[in-house]
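A quick write-up on the structure given underneath.
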Amino acid sequence: MDTQIRPQEKENGAGNRPGYNPAEIESKWQQVWEDNGDNHASDDDPRPKFYNLVMFPYPSGDLHIGHWYNFVGADVYGRYMRQNGYNVMQPFGFDAFGLPAENAAIKRGVQAYKWTMSNVERTWGQLKTMGGIWDLERRVVTCQPDYYKWTEWFFLKLYHAGLAYRAKAPVWWCPNDQTVLANEQVLANGTCERCGAVVIKRDLEQWFFRITKYADRLLEYKGLDWPESTKLKQINWIGRSEGARINFVAQDADGQSHTIPVFTTRPDTINGVTFFLLAPEHPLVEKLVTPEQRAEVEAYVDKARRETEIERQSTDKEKSGVFIGSYITNPVNGQPVPIWITDYVLMSYGTGAVMGVPAHDQRDFEFARKFGLPIVMVYQPDDHEVDPHSMPEALVHQGHVVNSGQFDGLPDGPETIKQFISWIEHNGWGNAEVSYRLRDWLISRQRYWGTPIPMVYCPQDGIVPVPEDQLPVLLPTDVEFKPSGESPLKDIPEFVNTTCPKCGGPARRETDTMDTFMCSSWYFLRYPNPHDEQAAFDPEKIRQWMPVDQYTGGPEHATMHLLYARFFTMALHDMGLLDFEEPFTRLVHQGMILSEGRKMSKSKGKAIAPDTLVQEHGADAVRAFLMFLGPFERGADWNANTEQLLVGTNRFLYRVWTMGLEAAEQSPNRVDTDQSTETDIRRVQHKTIKRVVSDIRNFQFNTALSGLMEMVNEMQRIGGNTAGIRTTKAWGEAVDTLLVLLSPLCPHITEELWHQLGHGGSVHAQHVPVFDPALAADEVITIVVQVNGKLRETIQIAAGTNGDEIQAVALASPKVSVQLNGAKPKKVIYVPGKLVNVVI
RNA sequence: GGGCGCGUGGCGGAACUGGCAGACGCAGGGGACUUAAAAUCCCCCGGCUUCGGUCGUGUGGGUUCGAGUCCCACCGUGCCCACCA
């Protein structure tokens, strides 16, 4: 950037006032605040608490400007709440387990722990230059044993509550990262959320958390002030569907019966079933395939296995499948229908089996057309009849029931579905059921750098949890890496070999580690007592601080962290460990800062570092600039023109500086005069209070700043036109208000000026100025005069003039008379205090 | 394919509940100060215009005295989900 303003070199303002030197005043005040303990939220503070949380970052080594954006916004809010009289706790920590450290260890031979901790310290130093009210005494680093000991403890708690289980299941596998992934970590296009590699499915024995048990409660959002869009993302992710489970029965070649349930949301179409579909991986395929069909079926299953998920899930692919040779009976009408396998039936949703109703389901329709299977109508439109042989597509959700005995004539809708379900239940063919898209949370990772799973495998006793008093299971710090698809911990005999806690015999440890989302699912419970060695958390302190009042972080965590943390909290609540069910009362997402339209990432070399900007212009300037970019929740694109905008907020700060010092020169001998301009100054002051206070409350920092800019502009205008106004008490109070309102955004410059003005204490300890509507009221108001909705005139009139008079003035105005041309207006609309619209 | 957003000057963006479109800022133009430059301060800054006006918030329609804002359709764009039975 071509820096046109170099604060360090600048001598500004008239006279011999000191120039604005952010580097000097910022480090000075940061030190003072730290020495005074201003940023530490004490547990013994009579003020009401306010827990202001940001999503803690991964310590990659450098904070980029996007992190700053997030943290500055949160800090502005925290400072503002402190000025509202709250004891604000604003902690900071690091989500320090995860792949980058492990990759660095493999690549450069450094120890993951050392590498991570040096990044933590570096990031910590960067964070301090921001001048935020981060509570340095409450730092949490998840890869330290005093933290992960309790992550292990939580695992045991969930295990003992029956919420953790081990199962063999087809799981997502990233061949690049050599580990399994949670369902949530696989992107829609079938690639790894971390590295972008195409993922595959593998059958592996893994640890799962029973998050599905909480599906319905996760849909409640009791008392939460969250963005609707985030709730919707979670609701869609959980994907609740109401329907029925219906049991079909097939016989294999040996005459043995097999009941295969299907889940359907349309049990009302049960009479339209003309075929039955199984997922290729369905275990009963093996049993039910006939000898003649075996070769073809095996070939298809094999092909489906080898396909990547991208290929398999591509929606525009033509339907494919194979008849397995046997038939299954529809319990409702006793009709046998052929069993096919197809890759559009997923083993992981519902029961892995689907009843084929081609007349009323588009996928089944396409399947039937492709393979010449019969189509039976069980609904017909009310106004005409559809011929199944010529229909171009499935008839979905319209018309009335046909071909279904006593149900014929019923309209399509939930009531009809209910009647079918009662009938099915009454006859014992099945039952009402709710199905979810949400899967249990897979937490095993075949990686080294994570929290050890505190489990032991004993040849005698099987799976045995490590007793609580033996925690933590320590992660060895010195590890050889031979990426093999299995955890590197497997190669460390001292780690693997242990004794069974039950029988004392030789046993081996679980060598997989936990998903890092496990660490972030409870970190907010640790901040209230981060150094407690006796417990994960102290119930007293939890009661004092939780739940989180304000949580600020990126929307990309909607279906991962934010869902897991809620599940965790609910589970702990049910164990009696917490007395609330939702961890985060109010949630705000900052928008993303893009770099020339792309996501900022260190690996792609597109990350913008805040450091140089801070060195050149000061933290206050960067803070103000970031918050002025646009609406906080929208974010911004960082391109060649972006940094130019810093000039604007910087100029503003210089104006504030000059105004502050100028006011300081007058401060001891301010007077009251009876100039009307004093009223003008007070009006500006109070209008600004109203605006800025509501903007900050709503995270609209850009308009808060423009409101403050307008205040300064307006004051300068009045000050330039009125001799003596700058020495009045009104002026002094307005300057004070300006500093207090600006202080959450720019904490250092305002603190310096506050002291220059001779005030005691800190600007940050001042209460938010109180808005006085009487002082903000205009004496003269502007009335817009429209003719037929078009602006023709504006009139200035004393506030309080009654409506009739205003209308009379408006009608008498020359512009209106011309339009009227002697005629009478058809109608006159008067909006009090705002406008008159004359309809001709 | 489904869900949720967004579309306003040269640029970032304002506009509360339908009521002066373009606040605030950047860039640009002009002026003051200066030996000069930077900085600072003041003025102008959507298009067209016969200077009366007139057109203008992605496009087309609608509701209304009045629409950037509400409704319908379409176009573009972003995010999330996606053969979910």
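Throughout, protein chains are lettered first and strands after them, A, B, ... in sequence-line order, and every chain is numbered starting at 1. On a predicted model such as this, the values are computed, not experimentally measured, just so you know.
- Between F275(A) and F371(A), the distance from one ring center to the other does not fall under 6.0 angstrom.
- Rounding to whole angstrom units, CG of residue L629(A) and C1' of A14(B) are separated by 15 Å.
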Where do W638(A) and F625(A) land on the ring pair (Phe, Tyr, Trp, His ring centres under 6.0 Å) test, with the steps shown first? CA-CA 12 Å; W638(A) 197 282; F625(A) 157 63; 5.6 Å; yes

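- At whole-Å resolution of the value, CZ in R266(A) and P in C84(B) are 14 Å apart.
- G10(B) has its base anti relative to the sugar, with a glycosidic angle deviating from 0 by more than 90°.
- As judged by a 4.0 angstrom heavy-atom cut-off over every strand, K690(A) is placed among residues making no nucleic acid contact.
- In the set C4(B), A82(B), C65(B), C4(B) carries the atom at the smallest distance from any side-chain atom of L232(A).
- Remark on RNA chain B: of its neighbouring residues T264(A) and K827(A), the 5'-side contact belongs to K827(A), judged by nearest-heavy-atom nucleotide.
- Distance R717(A) CZ to C24(B) C1': 16 Å, rounded to the nearest Å.
- Counting any heavy atom pair closer than 4.0 Å across all strands shown, R792(A) reaches sugar-phosphate atoms only and no base atom.
- Among the atoms of the strands shown, none is found under 4.0 Å from any heavy atom of D637(A).
- Residue-level contact check: E710(A) touches the backbone only, with heavy atoms under 4.0 Å from sugar-phosphate atoms and none from bases.
- In this structure, K687(A) atom NZ and C24(B) atom P are separated by 14 Å, rounded to whole Å.
- Using a cut-off of 4.0 Å between Lys/Arg side-chain N and Asp/Glu carboxylate O, D778(A) and K687(A) are scored as salt-bridged.
- Only the P atoms considered, C70(B) is 9 Å distant from C6(B), to the nearest whole Å.
- Of the candidate nucleotides C84(B), C20(B), C65(B), C84(B) has the atom lying nearest to any side-chain atom of R439(A).
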Do L563(A) and K233(A) pass the side chain to side chain contact (heavy atoms under 4.5 Å, CB included) test, and can you show the C-alpha distance, the side-chain angles, and the key distance before you say yes or no? CA-CA 10 Å; L563(A) 204 53; K233(A) 272 184 202 166; over 6 Å; no

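- Using a 4.0 Å heavy-atom cutoff across all strands shown, N713(A) reaches sugar-phosphate atoms only and no base atom.
- Only the C1' atoms considered, A67(B) is 14 Å distant from G61(B), to the nearest whole Å.
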List the steps, then state whether salt bridge (charged side-chain N to carboxylate O under 4.0 Å, His left out) holds for D216(A) with R240(A). CA-CA 8 Å; D216(A) 277 328; R240(A) 184 180 201 274; 2.7 Å; yes

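- Dashed line: the shortest gap from a side-chain N or O of S241(A) to OP1 or OP2 of A85(B) is under 4.0 Å.
- Judged by distance alone with a 3.5 Å cut-off, no donor-acceptor contact links the side chain of K233(A) to the base of C81(B).
- Considering L745(A), T649(A), V76(A) as possible partners of R623(A), the one that fulfils the side chain to side chain contact (heavy atoms under 4.5 Å, CB included) test is V76(A).
- Between G789(A) and G648(A), the one whose closest nucleotide on RNA chain B sits nearer the 5' end is G648(A).
- Using cut-offs of 30° and 60° on the angle between ring planes, the pair F771(A) and H686(A) is tilted.
- Distance NZ (K790(A)) to P (U64(B)): 18 Å, rounded to an integer number of Å.
- Listed by residue number, I829(A), V831(A), K834(A), L835(A), N837(A), V839(A) are the residues of residues 828-840 of chain A with a heavy-atom contact under 4.0 Å to RNA chain B.
- The residue L645(A) sits close to a base: some heavy atom pair falls under 4.0 Å.
- If you take CG of L705(A) and P of G13(B), they are 15 Å apart, rounded to a whole angstrom.
- For the P atoms, the distance from G68(B) to G9(B) is 14 Å, rounded to whole Å.
- Residue K370(A) qualifies as enclosed at atom NZ: its count of foreign heavy atoms under 6.0 Å is above 12.
- G52(B) has its base syn relative to the sugar, with a glycosidic angle deviating from 0 by at most 90°.
- Ranking A85(B), G13(B), C20(B) by closeness to the L791(A) side chain, first place goes to C20(B).
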Criterion side chain to side chain contact (heavy atoms under 4.5 Å, CB included) on F652(A) and V712(A), from CA distance to verdict: CA-CA 8 Å; F652(A) 166 67; V712(A) 170; 3.7 Å; yes

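- As a whole-Å value, the separation of Q786(A) CD from G66(B) P is 10 Å.
- Rounded to a whole Å, the CD atom of Q644(A) is 7 Å from the P atom of G28(B).
- Across every non-hydrogen atom of P358(A) and G272(A), the tightest pair is CD-O, 3.9 Å.
- Taking the six-membered ring wherever Trp is involved, the centroid distance between the rings of W340(A) and F276(A) does not fall below 6.0 Å.
- Checking G13(B), C20(B), C83(B) against the side-chain heavy atoms of V784(A) singles out C20(B) as nearest.
- For the C1' atoms, the distance linking U8(B) with G3(B) amounts to 26 Å, nearest Å.
- Only the C1' atoms considered, A15(B) is 8 Å distant from A23(B), to the nearest whole Å.
- Aromatic ring centroids of F367(A) and F365(A) lie 6.0 Å or more apart.
- For R566(A) and Y221(A), the positive end sits near the middle of the six-membered ring, less than 6.0 Å away and at most 45° from its axis.
- Look at R651(A) and you'll find a side-chain N or O under 4.0 angstrom from OP1 or OP2 of U40(B).
- For the C1' atom pair drawn from C72(B) and A85(B), the interatomic distance equals 33 Å after rounding to whole Å.
- For N702(A), a side-chain nitrogen or oxygen approaches OP1 or OP2 of A14(B) to under 4.0 Å.
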State the dot-bracket string of RNA chain B. Criteria: Watson-Crick or G-U wobble, both atom distances under 3.5 angstrom; notation: ( ) intrastrand, [ ] crossing earlier pairs, | interstrand, . unpaired. (((((((..(((......[....))).(((((.......))))).(((....)))..(((((..]....))))))))))))....

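- Spacing between G76(B) and C41(B) at atom P, rounded to whole Å, works out to 47 Å.
- At the phosphate of C41(B), OP1 or OP2 sits under 4.0 Å from a side-chain N or O atom of R655(A).
- Look at the P atom in both G12(B) and G2(B): the space between them is 31 Å, to the nearest Å.
- Taking every side-chain heavy atom of R437(A) into account, C84(B) is the closest of C84(B), A85(B), C20(B).
- Residue P631(A) is classed as a sugar-phosphate contact, given heavy-atom separations below 4.0 Å to backbone atoms only.
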